[in-house]
Amino acid sequence: MDFDNKYRARLEKLSTTNVADALDALGLKGATYGIRPIWEGAGKIVGRAVTVKITAAGLTKGKHHLGVKAIDVAEAGDVIVVDNGGRLDTSCWGGILANGAKMKGISGVVIDGACRDVDDYVEIGFPVYARGSVVATARGRVMEEATNVLIQFGGVQVRPGDVVVADRSGVVIIPQEKLDEVVAKAEELYEKEEKMIAEIRAGVSMLEVDSKYNYEKMLK
Ligand SMILES: O=C([O-])CC(=O)C(=O)O
Ligand SMILES: [Mg+2]
């Protein structure tokens, strides 16, 4: 799939909410909840998923240090998607990993859990989205179970190569085999909303604009 040529610029123009609405209209799951930019300037992220599945540390040891394999296999523009099951009591991503990811040209990291070293992300301008930040290290608390496998992220499935879009509203995942349909539908919804906003700004009444575009039925 020629993702960069065919889809990247189009997705950068769309919002996560356009994409979430397109997924709803097409009966697909991909909208997550509660995973937000961890620092003010963390910009929008678009890219293909490299997944990391985290599990609790214990007597079975992990093969790779958490996150390192994902950074190694990722290509420039990819997004690392970390499933730590929503845990908030321990980090599963930090500043050293962020520096490694930044050096590879990775677009950003989205985490179903918590991260640490937020000042480091600000310093290097690296976008990280998570449920929160925490000071406690991942070491001895969690470990990497697998890289590039099916994961659960904010209640939705993510497979390696699925497409991630993240902005200030949150994170959406587009199943890779539905990318064409979802992007086309999201663009159609974006155009309609732009027209609605233009009319509202031109002074047309909200009631008139709403009934003309039938917002309530727009996803049918
Ligand atoms: O130990 C951790 O949670 C990870 C960490 O701080 C880093 O990558 O800098
Ligand atoms: Mg650190």
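Computed from a predicted model, the values in this text were never measured in an experiment. Numbering of ligands and ligand atoms starts at 1, following listing order. Index from 1, following the sequence.
The neighbour count for Ile96 CD1, taken as heavy atoms of other residues, nucleotides or ligands under 6.0 Å away, does not exceed 12. Other residues, nucleotides and ligands contribute only 12 or fewer heavy atoms inside 6.0 Å of the NZ atom of Lys178. In this structure, Glu75 places its CD atom where only 12 or fewer heavy-atom neighbours from other residues, nucleotides or ligands lie under 6.0 Å away. Residue-environment remark: CZ (Arg10) exceeds the threshold of 12 foreign heavy atoms within 6.0 Å.
The nearest protein atom to atom 9 (O) of ligand 1, hydrogens excluded, is given as Ile96 N, 2.8 Å; this is a heavy-atom distance. Distance from atom 5 (C) of ligand 1 to its nearest protein heavy atom, with residue and atom name: Gly94 CA, 3.5 Å. When hydrogens are left out, the protein atom nearest atom 6 (O) of ligand 1 is Arg116 NE, 2.8 Å; that is the closest non-hydrogen contact. Nearest protein heavy-atom neighbour of atom 3 (O) of ligand 1: Ser91 OG, 2.7 Å.
For the Mg ion (ligand 2), protein N, O or S atoms closer than 2.8 Å were enumerated as Asp117 OD2, with waters left out.
Considering backbone and side-chain atoms alike, Leu97 places an N or O below 3.5 Å from some N or O of ligand 1. Note: an N/O pair closer than 3.5 Å links Asp117 and ligand 1 by distance alone. Between Ala136 and ligand 1, a contact under 3.5 Å exists for no N or O pair.
Close approach of ligand 1 to Thr137 (heavy-atom distance below 4.0 Å) involves ligand atoms 1 (O), 2 (C), 3 (O). If you number the atoms of ligand 1 from 1 as listed, the ones under 4.0 Å from a heavy atom of Gly95 come out as 7 (C), 8 (O), 9 (O).
Under 3.5 Å, the side chains of Tyr7 and Asp180 contain a donor-acceptor pair of N or O atoms. For the 3.5 Å distance criterion, the side chains of Thr16 and Asp167 qualify, holding a donor opposite an acceptor.
Minimum interatomic distance between Thr51 and Val149 (heavy atoms only, all atoms of both residues): OG1-O, 2.7 Å.
At least one donor-acceptor pair closer than 3.5 Å links the side chain of Asp117 to the backbone N or O of Gly95. Formation of a donor-acceptor pair under 3.5 Å by the Lys53 side chain with backbone atoms of Glu145 is not found in this model.
With respect to Lys102 and Glu123, no salt bridge is recorded, no charged nitrogen being found less than 4.0 Å from a carboxylate O.
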